[in-house]
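Quick note on labels: first sequence line is chain A, next is B, and so on, each numbered from 1.
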Amino acid sequence: MSSTRRQYPFHLIEPKWQAAWDATQTFRAWNPGETLPADHPFVQRHGLAGRTPSAAELPPKYYVLDMFPYPSGAGLHVGHPEGYTATDILARYHRAKGFNVLHPMGWDAFGLPAEQYAVKTGQHPRKTTEANIATFKRQIKSLGFSYDWSRELATTDPEYFRWTQWIFLQLYNSWFNPETNKAEPFSTLKYPAELHPPHPALSSIGGEGGRRPGEGEVSDADLEARRRDYRDSKRLAYVSEAPVNWCPELGTVLANEEVIDGKSEVGGFPVVRRPMRQWMLRITAYAEKLLNDLDTIDWSDSLKEMQRNWIGRSEGAEVDFAIADCRLPIADLKIRVFTTRPDTLFGATYMVLAPEHRLVDEITTEEQWQAVEDYREHTTRKSDLERTELAKEKTGVFTGAYAINPVNGERIPIWIADYVLISYGTGAIMAVPAHDTRDFEFATQFSLPIVQVVQPPDPKTDWRGFVDDGTAMNSTGPEISITGLPTPEAKQKIAAWLEAKGLGKKTINYKLRDWLFSRQRYWGEPFPIVWRKGWHTPNSLNLADYYEFHEALPDEELPVVPPQLDDYKPTPEGLPPLARAMEWTKVSEGVYRETNTMPQWAGSCWYYLRYLDARNAESFVSKSAETYWMGSAVAANVSPRQTEASHALTRTAPRPGVDLYVGGTEHAVLHLLYARFWHKVLYDLGHVSTPEPFFKLVNQGLILGEDGQKMSKSRGNVINPDDILKEYGADAFRLYEMFMGPLEMVKPWNTKGVEGVYRFLGRVWRLFVDEKSEVEFEQAETTTEAAERGELLDLIRLSPAVKRAPATSAQLKTLHACIKKVTEDLDGLRFNTAISTMMVFVNEAMAWETKPVSVLREFLILLQPFAPHLAEELGAKLDSAFAVGRSSLAYAPWPQFDPALLVESTLEIPVQVNGKLRDKIVVPADISPAELEQAALAAPKVQPFLAGKTVKKVIVVSRKLVNVAVG
RNA sequence: GCCGGUGUGGUGAAAUGGCAGACACAAGGGACUUAAAAUCCCUUGGCCAGUGAUGGCCGUGUGGGUUCGAGUCCCACCACCGGCACCA
């Protein structure tokens, strides 16, 4: 406990108002179609008592969203409330401006820590999770945020994840149609001719169902199995056998995005590549849309850039190289490469295949066989970490085979090397050492020839390793020449030639890979999938008779809830923990549940949609709620009452999607890319009405410790919000989080700074209250039981200086300057300068002998979004003494500033001579430019600088400044 | 290496191309007090001159440029932070 005197009784005020807001559900947001109770402040403000308004009859929506937290055992740290405070201020500001504000909160509650704790202690992760949620909720509520808690959700709630599973099935049951460029149900899938059913009965089975024809119809069964395979190969959620990132320490696979420098993002454990059967989501089908639609949303450039880089679109060409002296009787054995620089084809002096490339086996010569085998063995054993760390030196071996360069017929050696990645492009490259840094290093290392084919624009530039555009040279073959052409034209010409000859074609490649979507975990959403196993012929020993395929569970069986377990570890055979629940796993003879679970990202991919209609048992969100809150409903029919509702509403159409989404940069590529992908699939399938989920997105900057270092337990510089709240209160805490600096900047915490804003709130308090009554209050407090202390606040009276009196013009000017600046700053998310503006107001108002109620009340409305508890308390005092407004400020209309009140009768104009300030002159506001010039030249302190010089030019900026240029 | 961001007092920071440092913190001085806390008032970018009011010069990472005028725009560079990184 601090020895300093409390600035004002926040310890009583804050709980009082938090309880009051809870009791009246002050911040409950109303959906179209709900019947509105007469006594709710929103309903009263908008005159909707007892009505059941449609979307068009409700005020325009404002959806302001925080990235929901993972409720860890450690509780909140000061970084969390930074974004939450910013969004809360905006939520309150927009309520005051007359919007229907949706401001929800929930829990991203699946995750590893609760599961690891379960492995150690046997405590069910749900218990751990619930306890953590309770802590987070208590802490968040103590900050006085205006969330609509009636929409609270947790991703671990079966009533929530039944819809996560349902959305997974939407992906499972659709395919991406390249002709319409969107996801479609399987009913639109056209099968290849050989899979057409011989009789119409079978075709009615159509896209889905997976029902097998009866025994005995072997050919139909085979056909249906092949049709099923074809469908399975097209699904947006599909099973793949490809190498995955396996983290032995975590006992699970990870998505590419979760692997950083060969280590797991969570925990930093080594990751190795290992082939496993896994669920994948076909996000690559959406690469182009995910890229292009970035142009339609209001995100920061850096964030968009990160997504663009992650998607990694690159235009180039695929080129086929024939194998020379092919030993194998395979006609047309070719190596296909991807290159962004087809213009350098004449400089290709060797080729490289990824070690995993399937042609390696077929082309390697006998003499090289052992070396190649050893090298491949060596690379597969290396973890990604080693592969990255040892990247300084290039390695590789010659296969003994040669390819023919299609442009000049030259024989070039084929190597394998792990600097070529199997997963990008075609897994093979043509190496142009003169004009590619990596090829250059490799060629130098192994003494391979380096041939210049691009002339740099500046002849002084070394051509070795020159990778930029220039002019093609040494590029003439028997059939094609591009010598002398600038790079872009050279690319065009050679690509056209390759295409005409059937040797290659223009191609676009993406770095983005499909999303590895399954995890070997307990604490995640189970897949709503079963596997069918069996033999076509009972007791057959013929493997060809064995079948195994996956099938969706029907919607009625959702949610699929994880089974009870005693032990949360993987099985000794390395199967996921769910496989321990034998009874749960076995649905019926030959029908078994999928035992993988979904990654943590699944639940966060769509939670912003569930908030719109969080208790809907019939669907994941109702159409009417979705179109209203995502902004597509009202746009069609803008009602006249919208303009009537509030003069402050100037927007014509609502924003498509979430109006503002605030969260940390750590989700720049993971969560934000995945959520956009799911949203686009739902959009294609007609379940949502906007192509993008988050219209405007802002990343709050990291808050560092007092030592300027990242906060961490090991550094011992972690600030616990509970401690700050205890000493300074929630309002001071909120204010400080915003006063530190611009929202998006990285900034160090400084508890002394909290004291500064705390003192400001104390000055606001003293601006209103009578000091004598405060002394009485403090004395009474020491002798009163804790339970009754809240009522003591009534002992505090307003200062006698607060009067129902007309405001002077100076007071109005001070107030309206403040209204103007705070409004503009809030619109621009400049919370720090808005607060300093209010400080200026208070510093001036402290000196007023008479404090007009009307002025003070308008100021409280400005303060309310920032320091809601204090503002409400003082507002209530004004109300009971002067009957000036409703009991809650939360829906009091935002004040409008009157420009007429800000007009100055005189201006102080700085006068410069040659750009240096020399004097300031006071002139009438309506002075003409010519008169201003005369006055400036005559200014006493300007005169000496003009003596003996000629005035060459006088710049007069009306109402602003005069600058005299002399020589 | 590539992409993005940021460099302003002792500190956090502010400034539609037009008075650099608003608002705070810290520091120093004063008032009140038996004393302290709290509160209130004053000073506070650097250097120089003056007893003084005051005046002058310098000053927004570095070097150039555009402009009557640059923290702000352009070019080159340096440092720090974040992201990506053998993606052909």
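Nearest nucleotide to the side chain of A:K916, out of B:C58, B:A24, B:U6: B:C58. The side chain of A:N963 lies closest to B:G69, out of B:C57, B:C23, B:G69. With distances taken from any side-chain atom of A:P742 to the nucleotides B:G83, B:A13, B:A88, the minimum falls on B:A13. Across B:A88, B:C19, B:A26, the shortest atom-to-atom separation from the side chain of A:K752 is found for B:A26. Comparing B:C68, B:A24, B:C3 by their nearest atom to the side chain of A:I955 picks out B:C68. Of the candidates B:C19, B:A88, B:U6, the closest approach to any side-chain atom of A:M745 belongs to B:U6. Looking at the side chain of A:A965, the nearest of the listed nucleotides B:C68, B:C23, B:A88 is B:C68. Comparing B:A88, B:G18, B:C40 against the side chain of A:Q912 picks out B:G18 as the nearest. Considering only the side chain of A:K960, B:U16 comes nearest among B:U16, B:A38, B:C68. Counting only heavy atoms from C-beta on, A:E755 has its side chain closest to B:A26 among B:A26, B:C19, B:A14.
Here, B:C47 and B:A38 have their C1' atoms 38 Å apart, quoted to the whole Å. Taking the P atoms as reference points, B:G10 lies 23 Å from B:U6, given to the whole Å. For the P atoms, the distance linking B:A35 with B:U16 amounts to 48 Å, nearest Å. On the P atoms, B:G9 is 14 Å away from B:G71, given to the nearest whole Å. Taking the C1' atoms as reference points, B:A79 lies 15 Å from B:G63, given to the whole Å. Between the C1' atoms of B:C68 and B:G17, the separation comes to 12 Å (whole Å). The separation of B:A70 from B:G18, taken at their P atoms, amounts to 11 Å, rounded to a whole angstrom. Distance check on atom P: B:U60 versus B:U72 gives 9 Å, rounded to whole Å.
When heavy atoms are screened at a 4.0 angstrom cut-off, A:T340 is found touching the sugar-phosphate backbone but no base atom. At the heavy-atom level, A:S302 lies under 4.0 Å from the strands shown only through sugar-phosphate atoms. Using a 4.0 Å heavy-atom distance criterion, A:V840 is classed as a sugar-phosphate-only contact. No engagement by A:G425 is indicated, since no non-hydrogen atom pair under 4.0 Å with the nucleic acid exists. Contact annotation for A:T837: no contact, since no heavy-atom pair falls under 4.0 Å across all strands.
Within the structure, every side-chain polar atom (N or O) of A:R759 is placed at least 4.0 Å from both OP1 and OP2 of B:A38.
Whole-Å rounding puts the A:E771 CD to B:C40 C1' distance at 11 Å.
Between A:W765 and A:Y8, the angle of the ring planes lies from 30° to 60°, which puts this pair in the tilted group.
No N or O donor and acceptor, one from the side chain of A:K952 and one from the base of B:C68, sit under 3.5 Å apart.
To the nearest 0.5 Å, atom CH2 of residue A:W310 and atom CG of residue A:L512 are 8.5 Å apart.
For residues 830-844 of chain A, every residue pair satisfying the salt bridge (charged side-chain N to carboxylate O under 4.0 Å, His left out) rule, not counting sequence neighbours, is listed here: A:D825-A:R830.
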Test salt bridge (Lys or Arg N to Asp or Glu O under 4.0 Å) applied to A:D295 and A:R308, step by step | CA-CA 11 Å; A:D295 296 336; A:R308 285 194 192 104; 3.4 Å; yes
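When all heavy atoms of A:K941 and A:R918 are compared, the pair lying nearest together is CB-O, 3.4 Å.
At least one side-chain heavy atom of A:M306 sits under 4.5 Å from a side-chain heavy atom of A:T665.
RNA chain B is contacted by both A:L303 and A:L512; A:L303 maps to the nucleotide lying nearer its 5′ end (nearest heavy atom per residue).
Glycosidic conformation of B:G17 is anti; the angle lies outside 90° of 0.
Taking a cutoff of 4.0 Å between a charged side-chain nitrogen and a carboxylate oxygen, A:E904 and A:K813 qualify as a salt bridge.
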Dot-bracket encoding of pairs in RNA chain B, which uses [ ] for pseudoknotted crossings and | for another strand, Watson-Crick or G-U under 3.5 angstrom = (((((((..(((.....[....))).(((((.......))))).(((((....)))))..(((((..]....))))))))))))....
